[in-house]
Every structure is written in C-alpha cells, then in structure tokens.
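The next block holds one structure in the form of structure tokens; read it before the comments.
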Amino acid sequence: NAQVTVALQISREREAFTEQVIDPETAVVTSRTRNEMTEAETGANGAVTIASDLPDGEAAETETNTERNETREEVEYAVSTRDRTVEKLPGEIQRMTIAVLLNHLPPVEGEEESRPRPPEEIAALRELIETAAGIDEARGDRVTLQTLPFEKPVLSIEEPAAATSPLSGIEPRLWHIGQLALLSIVVIVLGLFVVKPILTQSPTQDADSATAIAALGGPLATTAIQDPVTMLRDASSNETEAAAALLNAWLEEEEAA
C-alpha cells in the first residue's frame with residue numbers, strides 16, 4: 001500500500017582548507033618600558049634700558065626658573081591566533097528528495113470504490129517522514145506525499161496437486177530397510193554355512209578337509225584353511241558395496257538397533 005523513492009545528491013569531491021583566526025579581544029601585554037626625565041633651570045636676566053648705557057647706571061636684574069618633566073612609556077602586546085585545518089571527505093549529502101505514494105483506503109462495506117485518505121492523516125505522515133529522514137529545508141530537501149488508488153493484484157488460483165501414493169513418502173525408507181535386510185541375510189548365510197562348520201569340525205576333520213582341498217588345488221584350497229575372521233574380511237572385500245551400505249546404516253541410526 002505504499003511506494004517510497006529516495007534520491008540523494010552526494011558530494012564526490014575532497015576538500016581541505018586552513019583557516020587562521022586573530023582575536024584582538026584576547027591581547028596580552030608582553031613587555032612594558034617606562035622612561036621619566038625631569039629638567040630644572042635657574043638664572044638671572046637683566047632688562048636692557050636707557051640706564052644701562054649710562055656709566056653709573058644700573059640695569060634691572062630678574063631671575064628665571066625653568067622646569068621640564070617628560071615621561072615615555074612603551075608597551076608591546078601579543079595577539080592570540082588560532083589555526084584550524086578542515087578536511088571534507090566525499091559522501092556529504094547536499095540535497096535529498098523523498099517521494100511517497102500511498103494507496104487509497106479500502107472501500108467501506110457496501111461500496112466498491114476506494115476512499116482517499118483524509119488531510120489529517122496525510123499531514124501526520126508527512127511530518128513523520130520529515131522527522132525520520134532528517135529533512136533540512138535550508139539545504140533544499142523536499143518531501144512529496146501523494147495518495148492514489150492502486151490497482152488490485154490479480155491472484156492466480158493454483159490447481160491442487162495430483163494425489164500422490166500413500167507410500168510415496170516412505171519409499172526411500174523402505175528401500176533403505178530392504179538393503180539392511182539383504183545385508184543381514186548375507187551375514188547370516190556366511191555365519192551358518194561358512195563360519196559355523198569351520199568352528200565345529202574336529203582336528204581330524206580339519207586335517208582331512210585340508211588334505212582333500214589341497215588335493216583339489218586352486219583358490220578354494222587357500223580360502224578353506226583361513227580362519228573365520230580372515231574369511232569374513234575376504235567376503236567384505238568381495239562385496240564392497242554391500243559392506244559399505246551396512247556400515248552407513250549403522251552410523252546413520254538415530255537409536256540403538
């Protein structure tokens with residue numbers, strides 16, 4: 001009942017820049033020099049008059065005092081600086097747009113046509129999408145939400161499968177059991193007709209049998225004089241597939257036989 005498409009505009013450039021910031025508000029005094037100088041001068045000065053030209057004349061004398069004070073101060077400041085290096089790697093999202101298409105509401109009972117969604121629901125869904133996606137309008141992100149009736153899917157009705165045989169599920173098990181039964185019969189036959197006569201015959205019979213078999217010659221003579229364990233090993237080597245199937249059956253049993 002909803003189809004959502006997200007388009008991202010991603011920066012693929014790598015950028016690095018260095019910034020130096022000077023803050024005059026954080027100036028610090030590094031050195032201060034202060035010079036003070038005082039000068040004082042005292043003297044008498046006579047005023048020039050007509051009486052000064054007379055032989056007995058006396059010039060009027062006056063005293064002068066001069067005083068000078070001078071102060072000089074030098075202050076050196078150091079302004080703090082801050083260097084910053086920033087490196088931007090590819091992958092930054094520059095712009096994101098989201099398009100959401102919603103299906104109409106299902107028809108009410110007694111009607112066939114679907115109903116459009118109310119504006120309150122559309123507004124709530126839009127706010128939910130903007131919050132979940134982290135939409136930044138200053139970056140140029142945009143969300144478009146529309147509602148349209150969707151086409152109903154056509155459901156294909158599959159025909160029921162043909163009836164299977166009741167034994168179809170247990171046929172592999174029956175075949176496995178048959179293999180075990182066949183191997184059991186082989187082992188029983190070997191035990192009754194080969195191993196048992198050899199174990200029950202007397203030494204005289206063993207010697208007579210060995211003599212008779214040796215007189216016959218051939219492979220039978222070599223097999224007849226072997227012990228039962230060797231004879232069973234030879235039988236297993238001749239029936240490799242049957243022996244392997246029997247061993248697999250023993251290993252695969254879930255419960256004790």
Side-chain angles (χ1 to χ4, degrees), residues 1-49 52 59-107 113-153:
N1 292 321
Q3 294 185 2
V4 182
T5 302
V6 179
L8 297 176
Q9 184 177 353
I10 299 176
S11 174
R12 303 183 183 276
E13 298 179 355
R14 183 174 182 175
E15 181 182 4
F17 62 91
T18 303
E19 180 184 11
Q20 185 178 20
V21 179
I22 300 176
D23 188 3
E25 299 295 334
T26 58
V28 180
V29 177
T30 58
S31 64
R32 184 189 298 269
T33 304
R34 184 183 182 90
N35 296 325
E36 295 183 359
M37 184 177 60
T38 304
E39 294 182 358
E41 182 180 355
T42 303
N45 295 328
V48 179
T49 61
S52 300
E61 294 183 359
T62 59
E63 294 182 359
T64 59
N65 295 324
T66 304
E67 184 179 354
R68 184 179 66 177
N69 294 327
E70 182 179 351
T71 302
R72 178 179 298 178
E73 184 178 8
E74 293 182 359
V75 181
E76 294 183 0
Y77 295 90
V79 181
S80 63
T81 60
R82 182 180 58 187
D83 297 335
R84 186 180 64 170
T85 301
V86 180
E87 182 178 3
K88 293 183 179 180
L89 299 179
E92 181 184 3
I93 298 177
Q94 296 180 342
R95 187 169 181 266
M96 176 170 52
T97 57
I98 302 176
V100 181
L101 182 61
L102 298 178
N103 190 13
H104 278 187
L105 295 175
E113 296 183 357
S114 59
R115 299 170 295 142
R117 298 181 181 271
E120 295 79 7
E121 183 179 356
I122 298 296
L125 291 175
R126 182 186 298 276
E127 183 180 359
L128 179 63
I129 295 171
E130 293 178 351
T131 304
I135 297 299
D136 187 1
E137 296 182 355
R139 188 174 55 185
D141 297 349
R142 182 180 178 185
V143 175
T144 301
L145 180 61
Q146 298 291 339
T147 174
L148 293 173
F150 287 8
E151 294 182 359
K152 295 182 180 180

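A quick note: this is a predicted structure, and the numbers were derived from the prediction, not measured.
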Q: Tell me, yes or no, whether the heavy-atom count around E73 atom CD, taken from other residues, nucleotides or ligands under 6.0 Å, exceeds 12.
A: yes
**Q.** Flag if over 12 foreign heavy atoms under 6.0 Å of CD, E19
**A.** yes
Give, for atom [atom1] of [X] and atom [atom2] of [Y], the distance between the pair rounded to the nearest 0.5 Å.
| X | Y | atom1 | atom2 | answer |
| --- | --- | --- | --- | --- |
| R72 | N35 | CZ | CG | 7.0 Å |
| E36 | E70 | CD | CD | 10.5 Å |
| T81 | I22 | OG1 | CD1 | 6.5 Å |

Q. Is the side chain of R115 donor-acceptor paired with the backbone N or O of P106 at a distance under 3.5 Å, no angle test?
A. yes
Q. Nearest heavy-atom pair of A2 and F150: which atoms, and what distance?
A. N-CE2, 3.9 Å
Identify each donor-acceptor pair in which a side-chain atom of residues 86-102 lies under 3.5 Å from a protein atom, sequence neighbours left out, and give them as a table.
residue: E87; atom: OE2; partner: R14; partner atom: NE; Å: 2.8
residue: E87; atom: OE2; partner: R14; partner atom: NH2; Å: 2.5
residue: R95; atom: NE; partner: G140; partner atom: O; Å: 3.1

Donor-acceptor pairs are to be reported for all side-chain atoms of residues 116-132 against protein atoms at under 3.5 Å, with residues two or more places apart or in another chain.
residue: R117; atom: NE; partner: N103; partner atom: O; Å: 2.7
residue: R117; atom: NH1; partner: E121; partner atom: OE2; Å: 2.7
residue: R117; atom: NH2; partner: N103; partner atom: O; Å: 3.0
residue: R126; atom: NH1; partner: V143; partner atom: O; Å: 2.9
residue: T131; atom: OG1; partner: E127; partner atom: O; Å: 2.9

